[in-house]
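The next block holds one structure in the form of structure tokens; read it before the comments.
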Amino acid sequence: MDKKLSIIVPVYNVEKYLDQCIHSIVNQTYRDFTLILVDDGSTDSSGIKCDQWKKKDHRIIVYHKPNGGLISAWKYGLMRTDTEYIGFVDSDDWIDSNMYSTLLLEAEKNNSDIVACGWVSDREDGKENKRENVKLAGNTFDADTIRREIYPILISGGDYHWMGISPNRWTKIFKRELLLKNIEYCDERVSIGEDLLTNFCTIPNAERITLIKDFFPYHYRIHSESMIHKYSDLNYKKINILRECLMKVNGILEYDFTIQINTYYIKLMLAQLDNEMLFSKKNYVQLKNSMKKLYQSKKLQDALSKSEISKLPIKYRIYIKCIQMHLYTLLMFIRKVKKI
């Protein structure tokens, strides 16, 4: 094991942003790493750009594979690494030059299985950039304190930005061994909540976790092409797959995360309803029927009976109440004028 760190970048149709991403990685102050670019069947020039970068820097390895989704791509890269730690960067984002030197320093100092920093959103629409807030940053946790302090707010600690630990891959380094031991539970069917599933597969098996405070080197780009901002009726099915996979992992753990999983599931489903009202071209009757179908579904009803509604943002609590009382017109009016 000559090198300590491999950085995996799943690449799919990001020709506009890829150069900035790779440039920020190869210019890290920590130099002795392997950068693995996994071209996941790109149909634009992204794959060509990967090959061009490989010629410029001997630390870069490029793989081209048929499109299989984000989890498929990072797993493909992981299986071709041999370093102690693994980092991830999304191909439309970029990082500050001292990110990995800082993460590795903390990992070595604390012998941590996972080290996490913070991130800042970088918006192309000119709106204010925001830094994330994580309740527990500034500490190193052993197995006992992970269970006592991180578990209760791991998935659903209230607002998305106030979970116990940020639900993403890209602000962290993981011990490769930890990822490999749990890779079978990272289901490639999942295409919403991939990072949350990855965290949920690894954190309960970590012996030591370090969360760095007031360090925000990761730049999460928010742009119109981001998958998270696109609406599709299929997203409801995708969220159901995520819940299924989270519950499968939950079934092998000593700690029961059922209430947290269901609370987060409800939030995702209502966020999808939000997007449906905002971005679909459905008329009033179609939206009304969609709300009824969602609320009457067995999976949502089951989740509602085993969740903490009080942990949902107030907007979604109002949504639930409006649907329960058949106040569909009011709900759509509220959403239209963006009062909440």
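For the numbers below, each heavy atom of this structure counts, side chains included, while hydrogens, waters and symmetry mates do not.
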How would you list, by chain and number, every residue that makes a salt bridge (charged side-chain N to carboxylate O under 4.0 Å, His left out) with [X], sequence neighbours excluded?
X      : value
Asp233 : Lys282
Glu149 : none
Asp195 : Arg169
Glu207 : none

Quick test of your reading of the model: are [X] and [Y] salt-bridged, counting only N-O distances below 4.0 Å?
X      : Y      : result
Asp44  : Lys16  : no
Lys3   : Glu84  : no
Asp32  : Lys4   : no
Lys306 : Asp302 : yes

Is there a side-chain contact between [X] and [Y] (heavy atoms, below 4.5 Å)?
X      : Y      : answer
Thr202 : Leu179 : yes
Ser290 : Leu294 : no
Ile60  : Lys55  : no
Leu304 : Ile309 : yes
Leu211 : Ile114 : no
Val26  : Leu35  : yes
Thr34  : Leu5   : no
Lys267 : Pro313 : yes

Checking Asn168 against Asn199 for the side-chain hydrogen bond (donor to acceptor under 3.5 Å, both in side chains) test, could you report, in this order, the C-alpha distance in whole Å, the side-chain angles of both residues, the deciding distance, and whether it holds? CA-CA 7 Å; Asn168 58 59; Asn199 276 264; 5.7 Å; no

If I take atom [atom1] from residue [X] and atom [atom2] from residue [Y], how far apart are they, to the nearest 0.5 angstrom?
X      : Y      : atom1 : atom2 : answer
Ile25  : Asp93  : CD1   : CG    : 9.5 Å
Asn275 : Asn235 : CG    : CG    : 8.0 Å
Ile334 : Thr329 : CD1   : OG1   : 11.0 Å
Asn139 : Ile212 : CG    : CD1   : 12.0 Å
Leu331 : His326 : CG    : NE2   : 13.0 Å
Asn250 : Asn262 : CG    : CG    : 9.5 Å

Side chains of [X] and [Y] only: does a donor on one sit below 3.5 Å from an acceptor on the other?
X      : Y      : value
Ser101 : Asn98  : no
Thr263 : Ser307 : no
Glu132 : Ser166 : yes
Ser24  : Asp96  : no
Ser45  : Glu15  : yes
Thr83  : Arg176 : no

With Trp94, which residues qualify under ring-ring contact (aromatic ring centres under 6.0 Å, His included), at least two apart? His219

Applying ring-ring contact (aromatic ring centres under 6.0 Å, His included), name anything that partners Tyr218, two or more places apart in sequence or on another chain. Trp170

Check each of Ile173, Leu105, Thr102 against Val115 using the side chain to side chain contact (heavy atoms under 4.5 Å, CB included) test, and report the only one that passes. Ile173

Looking only at the aromatic ring of each residue, does the gap between the centers of Phe88 and Trp74 stay below 6.0 angstrom? yes

Would you say the rings of Tyr85 and Phe174 are close, in the sense that their centroids are separated by under 6.0 Å? no

[X] side chain to [Y] main-chain N or O, any donor-acceptor pair under 3.5 Å?
X      : Y      : value
Ser280 : Glu276 : yes
Tyr151 : Pro204 : yes
Glu308 : Ile259 : no
Thr198 : Glu194 : yes
Thr29  : Ser97  : yes

Can you list everything that forms a side chain to side chain donor-acceptor pair (under 3.5 Å) with [X]? Sequence neighbours excluded, please.
X      : value
Thr43  : Asn13
Lys65  : Asp40, Ser72
Arg189 : Asp187, Glu244
Asp39  : Ser42, His64

Where Met99 and Thr171 come nearest, the two heavy atoms and their spacing: CE-CA, 4.2 Å

Should Tyr236 and Ser297 be marked as a side-chain hydrogen bond (donor to acceptor under 3.5 Å, both in side chains) after you check the CA-CA gap, both sets of side-chain angles, and the distance that decides it? CA-CA 11 Å; Tyr236 288 114; Ser297 70; over 6 Å; no

Quick one: do Tyr319 and Asp274 satisfy side-chain hydrogen bond (donor to acceptor under 3.5 Å, both in side chains)? Show the steps, please. CA-CA 9 Å; Tyr319 281 18; Asp274 215 31; 2.4 Å; yes

Taking the six-membered ring of Tyr255 (Phe, Tyr or Trp), confirm whether the NZ or CZ of Arg147 is under 6.0 Å from its centre and within 45° of its axis. no

Asp113 vs Lys175, salt bridge (Lys or Arg N to Asp or Glu O under 4.0 Å): CA-CA, chis, key distance, verdict: CA-CA 5 Å; Asp113 298 312; Lys175 278 192 174 176; 3.8 Å; yes

Under 6.0 Å from the CD atom of Glu177, do we count more than 12 heavy atoms belonging to anything else shown? no

With side-chain hydrogen bond (donor to acceptor under 3.5 Å, both in side chains) as the test, would you mind laying out the steps for Thr210 and Thr140 before giving the verdict? CA-CA 4 Å; Thr210 297; Thr140 293; 2.9 Å; yes

ring-ring contact (aromatic ring centres under 6.0 Å, His included) contacts in which one or both residues fall within residues 184-208, not counting sequence neighbours: Phe200-Phe257

Could you note down all residue pairs passing salt bridge (Lys or Arg N to Asp or Glu O under 4.0 Å) where residues 69-81 supplies at least one of them, sequence neighbours left out? Lys75-Glu188

